[in-house]
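For ligands, and for the atoms within them, numbers begin at 1 and follow the listed sequence.
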Amino acid sequence: MMSSWQSGTVILVARVMQDVTFHGFEWGFMGDRLVCETSLKQDYISATHYINQRIENPFMLPLVVATLDNIKIKYSVRRTDTYLYAVISKRLHSHKSHNDLLQQLLDLYCAGKSAELLVPRNQVKMLFGFLRLPANIITWKIYHLCKYLQVAVRLYAEIDKLPTDNRPTIDDMLKLPYLKMVVDELLRLYPTALSLSRLCTTADRICGYWLPAGAKIFVLPYAIYRDDRFSTFKIATIPRHAYIPWNLCPWACVARQISMLQIKIVWTAIIQQYTFICLKVCTVVPKADFSLGSACPVQTTLIRR
Ligand code: HEM
């Protein structure tokens, strides 16, 4: 992707980062380039759009009612299923060895037979559904670096200590404590997993509030994260549950390590070569939907360093 950029290229950050995370999905999870060459990406966008609409409007007609939107989304879901079945079945008949997440799922659930494809299909589909989350964090990061020069200078200085002759590696990421602090801070300000929902299985009293059995509870990280910072010194004093961008075990995000790695590596690779000027410095306000994106698109001009 970066080889198609040059100084002066203007990018719509969220769209570009979504493409980056799609490619990560292709290579890391599915082991090939099929995904982006199909309508799957479009179906994914329609599905997230539909979920967002449902979140914003609880009175939407249920899927059984044949409105135009409902017909479209059902079609998208069917096409995604057909596509994923085709990829899975192709893999089951492949004689090559594969070392990716899809293969692990198939080994786990199908033991090499095509008898039960539903579980791996649903697993892949669920993972697919979360793809936008790291993209949103990278987008917020670019916006903030345009805005907060001091942070940008410190981050560039840290990343510039890495050798530039190779692409950034996993080991390099361990040498970037300030980058980690910046990502943690962005996850605090813009927790992409916007709400955690729980069902009370038994009645309980929490902080003086009576919760009957069957009550639905929503924890809103955006509201509880407003006073903490992430220096090595400070982090030791923060109560364990005060900052849960990935939630904690046993409910922790299954993709937390890979997402953190993806955010940091993508970011480092870009920063080694480019700085940014945000063209449309509209006040970028967070927009709550399936994830926490921005209400207006962040557009930036890339300047070759
Ligand atoms: C910045 C990126 C991400 C953040 C901040 C994030 C955060 C979270 C959080 C807070 C939960 C717990 C939800 C709960 O307890 O109700 C969760 C669960 C989960 N996440 Fe992520 N996530 C991210 C990226 C991803 C990605 C890229 C994937 C898949 C490719 C993914 C897959 C999952 C799955 C499957 C679960 C459910 C785990 C379970 O219940 O066992 N996440 N995530």
Can you find a protein heavy atom closer to atom 19 (C) of ligand 1 than 4.0 Å? yes
Report yes or no: is the cationic atom of R304 (NZ for Lys, CZ for Arg) under 6.0 Å from the centre of the six-membered ring of Y274, at an angle within 45° of the ring normal? yes
Please list, in number order, the atoms of ligand 1 under 4.0 Å from a heavy atom of W251. 12 (C), 15 (O)
Please list the nearest protein heavy atom to atom 5 (C) of ligand 1 with its residue and the distance rounded to 0.1 Å. T192 OG1, 3.1 Å
Report the nearest protein non-hydrogen atom to atom 39 (C) of ligand 1: residue, atom name, distance rounded to 0.1 Å. A252 O, 4.5 Å
Specify the protein heavy atom at minimum distance from atom 23 (C) of ligand 1: its residue, its atom name, and the distance to 0.1 Å. L133 CD1, 3.4 Å
Within a distance of under 4.0 Å, is there any protein heavy atom near atom 34 (C) of ligand 1? yes
Atom 8 (C) of ligand 1 sits nearest the protein heavy atom C253 CB, 3.5 Å
Atoms in ligand 1 with a heavy atom of A255 nearer than 4.0 Å: 25 (C), 26 (C), 28 (C), 29 (C), 31 (C), 42 (N)
Distance from atom 36 (C) of ligand 1 to nearest protein heavy atom, with residue and atom: F130 CZ, 4.0 Å
Is a side-chain donor-acceptor pair under 3.5 Å present for R54 with Y50? yes
Note: ligand 1 atoms sitting under 4.0 Å from heavy atoms of L187 are 5 (C)
Is there a side-chain contact between S46 and K72, using heavy atoms and a 4.5 Å cut-off? no
Which of the listed options, C249, P250, P245, holds the heavy atom that is closest to atom 10 (C) of ligand 1? P245
Run the salt-bridge test on K180 and D184 with the 4.0 Å N-O cut-off and return the result as yes or no. yes
Does the side chain of I138 come within less than 4.5 Å of V20's, by heavy atoms? no
Considering only protein heavy atoms, which is closest to atom 24 (C) of ligand 1, and at what distance to one decimal place? S259 OG, 3.3 Å
Could you tell me whether the side chain of L176 reaches within less than 4.5 Å of the side chain of W267, counting heavy atoms only? no
Got a sec: does the CZ of R167 have more than 12 other heavy atoms crowding it under 6.0 Å? no
Does a side-chain N-to-carboxylate-O contact under 4.0 Å join D172 and K175? yes
Looking at atom 6 (C) of ligand 1, what's its closest protein heavy atom, distance included? W246 CE3, 3.7 Å
Is ligand 1 less than 4.0 angstrom away from at least one heavy atom of R198? yes
Pairwise side-chain contact, M60 with T67, heavy-atom cut-off 4.5 Å (strictly under): no
Could you tell me whether the side chain of L162 reaches within less than 4.5 Å of the side chain of T268, counting heavy atoms only? yes
In terms of residue, atom name and distance, what is the protein heavy atom nearest to atom 30 (C) of ligand 1? L127 O, 3.3 Å
Do W140 and V298 come close enough that some side-chain heavy atom pair is under 4.5 Å? no
For ligand 1, which atoms, with element, lie under 4.0 Å from some heavy atom of L196? 10 (C), 13 (C), 14 (C), 16 (O)
Nearest neighbour of atom 41 (O) of ligand 1 from the list V254, I137, I258, on a heavy-atom basis: V254
